[in-house]
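Chain identifiers are assigned alphabetically (A, B, ...) following the order of the sequence lines, protein sequences preceding nucleic acid strands; residue numbering begins at 1 within each chain.
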Amino acid sequence: MFAALSEKHEHKKVLPDLEKSEKGVVMRFAPNPSGPLHIGHARAAALNDAYVKQYGGRYILRIEDTDPKRVDPDAYEMVVEDLKWLGLGITETVTQSDRLPLYYDLCKQLIERGGAYVCTCDNEHFKELKQAKTACPCRDQPVEKNLAMWQKMLDHGYKEGEVSVRIKTDLNNPDPAMRDYPAFRILDSPPHPKVKAHVYPLMNFSVVADDHFLGVTHVIRGKDHIANTRRQRYIYDHMGWQVPVYRHYGRMGIEGVVLSTSQMRLGINDGTYSGWDDIRLGTMRALARRGISPEAVKNAMLAIGIGDTDISFSWDNLYAENKKIVDPTANRYFFVPDPIEITISGAQKHTAHAMLHPGDAARGTRTLEFDGTVLIPNSEITPDVTMIRLKDLFNVNVTWDHGTPSFTFAGDSLADARAAKARIIQWLPVQQAVPCKLLTPDGEMTGACEPQVKTALGKVVQFERVGFVKIDFVDADGVKAYFTHK
RNA sequence: GCUGCUAUAGUGUAGUCCGGCCAAUCAUGCGGGCCUUUCACGCCCGCGACUGGGGUUCGAAUCCCCAUAGCAGCACCA
């Protein structure tokens, strides 16, 4: 019995082992602060987090803000908030714009070692040379000249676009992407929101510097970085440093939501979206607003794993994870979409006590008073219907006269309703009905819900027979809810 | 064009490194049933895949070659 249980437990999916992890790991999540985090980020963030938790160690948040064109000052805060929401075990945070002197110093060292040079070739020209596996004239300049030019760069003796620092690689590398790639550039505008600078490192340079000096041991990132990994290798070799262990997972296609930060920002600015948490977006805050729990996001990402196959993200699988988390906790309430009012003859006043959760009687009940007239979903009354049961109340006969239904009390017996295969439907007393809007991906449902729903602001509840919803807004006029999933 | 990565059911995933125990795992989805005062949860049954073609081998999802498809890189973005 116990053996069977534990055996089943061991079958729980775990991530594949990482080599060189015996003494713990140091990993990092390194977003560009151009906006809030979205599902794409969540994969890298959750995977790295899971490994740090599995092996123990440090988890560094590194804000990569070395391109002032792609920095949103608000994003620094948003990224931290989103990670906090996800519940990741970040142990320290660094921001690259705080570390420019470190990069400058390393660049100087690299030049001294003959591993980099200052290049004044224009882009197009260099591209041609690169394709032809030919060295550009700057490549063979003496170290002293490179150092002087580098100092002139730092002294702002060059304008934007005039020079760059290149890493010496191997011009005969069959992959043109590897040949003498750039490491620093000059940018006169726009100004960086956090630091006064004009010489900026490019990603492949600052990443190596930080991974090395921060002691990063393992890097898990998308396979769009696989070429960068190979490029970065040259710097490690020039410096005689040891490279981290890398894993590159495949591309993840995500349907149904907008993920591009620039597109999102555009839509927000022109009013198409209400904000970063508009539920049509794929941001963490949008998911949160729709009632997706952070655990569900993490579990879904771990289930996907670090495979290098390109995959398409499945909302169904995310919803299934979320339901596991939300179903045991969500209170049940009635929501009547597109309601019609019906009067039931022959019935005494009744008080219905419906359970807040069918699996947890201790949680208690909510009380609905029946006194003759109720709201039910319009769609339930079709000409083939002869009996319905109002859930937790009683049965109702439906009789038809020239297409007009009338309703009469048909007894309390649940067994009768079952025997008659009557549908058990949600309902609301007219007096207790609170106007409620339910926003779904397919549009808006208008209806009414129980008064108690107003106390569930910010929570996920289940509207019985409709699905799980997040109560987003409550005021004197009613309730607004977002559909999470069935 | 050049360079590289990948290819298991609708979706995700295990197995591939070290060929046989794989007539291929688990989850999700879908269909059916049971349970149940929800179309939720739970339980049971079922559906559904090794991209194609060659080769090696007694034996291939697993190794090799070719083809096809997808993806990524060849930015003074990350």
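- Distance check on atom C1': B:A75 versus B:U13 gives 36 Å, rounded to whole Å.
- Listed pair A:Thr309 / B:G70 fails the phosphate criterion, with no side-chain N or O lying under 4.0 Å from OP1 or OP2.
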Interface polar pairs with nucleotides 62-65 of chain B, N/O, under 3.5 angstrom:
none

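- Counting non-hydrogen atoms of other residues, nucleotides and ligands closer than 6.0 Å to NZ of A:Lys133 gives a total above 12.
- Both A:Gln426 and A:Ser206 lie close to RNA chain B; mapped to their nearest nucleotides by heavy-atom distance, the more 5′-ward contact belongs to A:Gln426.
- Using P as the reference atom, B:C63 and B:G19 are 9 Å apart when rounded to the nearest Å.
- Between B:G29 and A:Ser314, no contact under 4.0 Å exists linking OP1 or OP2 to a side-chain N or O.
- Between the P atoms of B:U51 and B:A14, the separation comes to 15 Å (whole Å).
- Evaluation of atom-type donor-acceptor distances gives a pair under 3.5 Å for the side chain of A:Arg332 against the base of B:A40.
- In terms of the salt bridge (charged side-chain N to carboxylate O under 4.0 Å, His left out) criterion, A:Asp412 has no residue partners (sequence neighbours excluded).
- In this structure, the nucleotide among B:G12, B:A40, B:C39 sitting nearest to the side chain of A:Asp327 is B:A40.
- Here A:Glu380 lies in heavy-atom contact (under 4.0 Å) with a base.
- Distance noted for atom P between B:G10 and B:C50: 9 Å (whole Å).
- Atom CD of A:Glu19 sits in a crowded spot, with more than 12 heavy atoms from other residues, nucleotides or ligands closer than 6.0 Å.
- Of the side-chain N and O atoms in A:Lys130, one or more sit less than 4.0 angstrom from OP1 or OP2 of B:A75.
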Using the 3.5 Å cut-off, write out each protein N or O paired with an N or O of nucleotides 1-3 of chain B and the distance between them.
{"unit_1": "B:C2", "atom_1": "O2'", "unit_2": "A:Pro174", "atom_2": "O", "d": "3.3"}
{"unit_1": "B:U3", "atom_1": "O2'", "unit_2": "A:Asp175", "atom_2": "OD2", "d": "3.1"}

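- For A:Thr261, the side chain to side chain contact (heavy atoms under 4.5 Å, CB included) partners are A:Ser34, A:Met264, A:Arg265, A:Trp276, not counting sequence neighbours.
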RNA chain B base-pair string [pairs: Watson-Crick or G-U under 3.5 Å; |: paired with another strand]: (((((((..(((.......[.....)))((((((.......))))))...(((((..]....))))))))))))....
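- Among the nucleotides B:A78, B:G12, B:U28, the one closest to the side chain of A:Ser312 is B:G12.
- A:Asn204 and A:Tyr234 are not linked by any side-chain donor-acceptor pair at a separation below 3.5 angstrom, with hydrogens and angles left out of the test.
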Check the interface with nucleotides 30-37 of chain B: list each N/O to N/O pair with the protein under 3.5 Å, or write none.
{"unit_1": "B:U37", "atom_1": "O2'", "unit_2": "A:Lys391", "atom_2": "NZ", "d": "3.1"}
{"unit_1": "B:U37", "atom_1": "O2", "unit_2": "A:Arg389", "atom_2": "NE", "d": "3.3"}
{"unit_1": "B:U37", "atom_1": "O2", "unit_2": "A:Asp392", "atom_2": "N", "d": "2.5"}
{"unit_1": "B:U37", "atom_1": "N3", "unit_2": "A:Arg389", "atom_2": "NH2", "d": "2.8"}
{"unit_1": "B:U37", "atom_1": "N3", "unit_2": "A:Asp392", "atom_2": "N", "d": "3.3"}
{"unit_1": "B:U37", "atom_1": "O4", "unit_2": "A:Arg389", "atom_2": "NH2", "d": "3.0"}

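- B:A9 and B:C22 are spaced 15 Å apart, taking the C1' atom of each and rounding to whole Å.
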What do the steps show when you test A:Tyr59 against A:Tyr51 for ring pair (Phe, Tyr, Trp, His ring centres under 6.0 Å), and what is the final call? CA-CA 9 Å; A:Tyr59 191 19; A:Tyr51 274 121; over 10 Å; no
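- Taking a cutoff of 4.0 Å between a charged side-chain nitrogen and a carboxylate oxygen, A:Arg247 and A:Asp308 do not qualify as a salt bridge.
- Formation of a donor-acceptor pair under 3.5 Å by the A:His238 side chain with backbone atoms of A:Lys168 is found in this model.
- Residues A:Asp310 and A:Lys223 are paired through a salt bridge, judged by an N-O separation under 4.0 Å between the basic side chain and the carboxylate.
- Taking only distance into account, the side chain of A:Glu321 never meets the base of B:U28 through a donor-acceptor pair shorter than 3.5 Å.
- The phosphate of B:C76 has OP1 or OP2 within less than 4.0 Å of a side-chain N or O from A:Asn123.
- Of the candidates A:Asp210, A:Val216, A:Asn48, A:Ile220, A:Arg28 forms a side-chain contact (heavy atoms from CB on, under 4.5 Å) with just one, namely A:Val216.
- A donor-acceptor contact under 3.5 angstrom links the side chains of A:Ser262 and A:Ser260, judged on distance only.
- Comparing B:G29 with B:C71, their C1' atoms sit 26 Å apart, to the nearest whole Å.
- B:U16 and B:A60: their C1' atoms are spaced 11 Å apart (whole Å).
- Between B:A75, B:A72, B:U28, one nucleotide has an atom nearer to the side chain of A:Arg251 than all others, and that is B:A72.
- Rounded to whole Å, the separation between the P atoms of B:G55 and B:U62 comes to 14 Å.
- Taking only side-chain atoms of A:Ile304, from C-beta outward, the nucleotide of B:U13, B:C71, B:C76 with the closest atom is B:U13.
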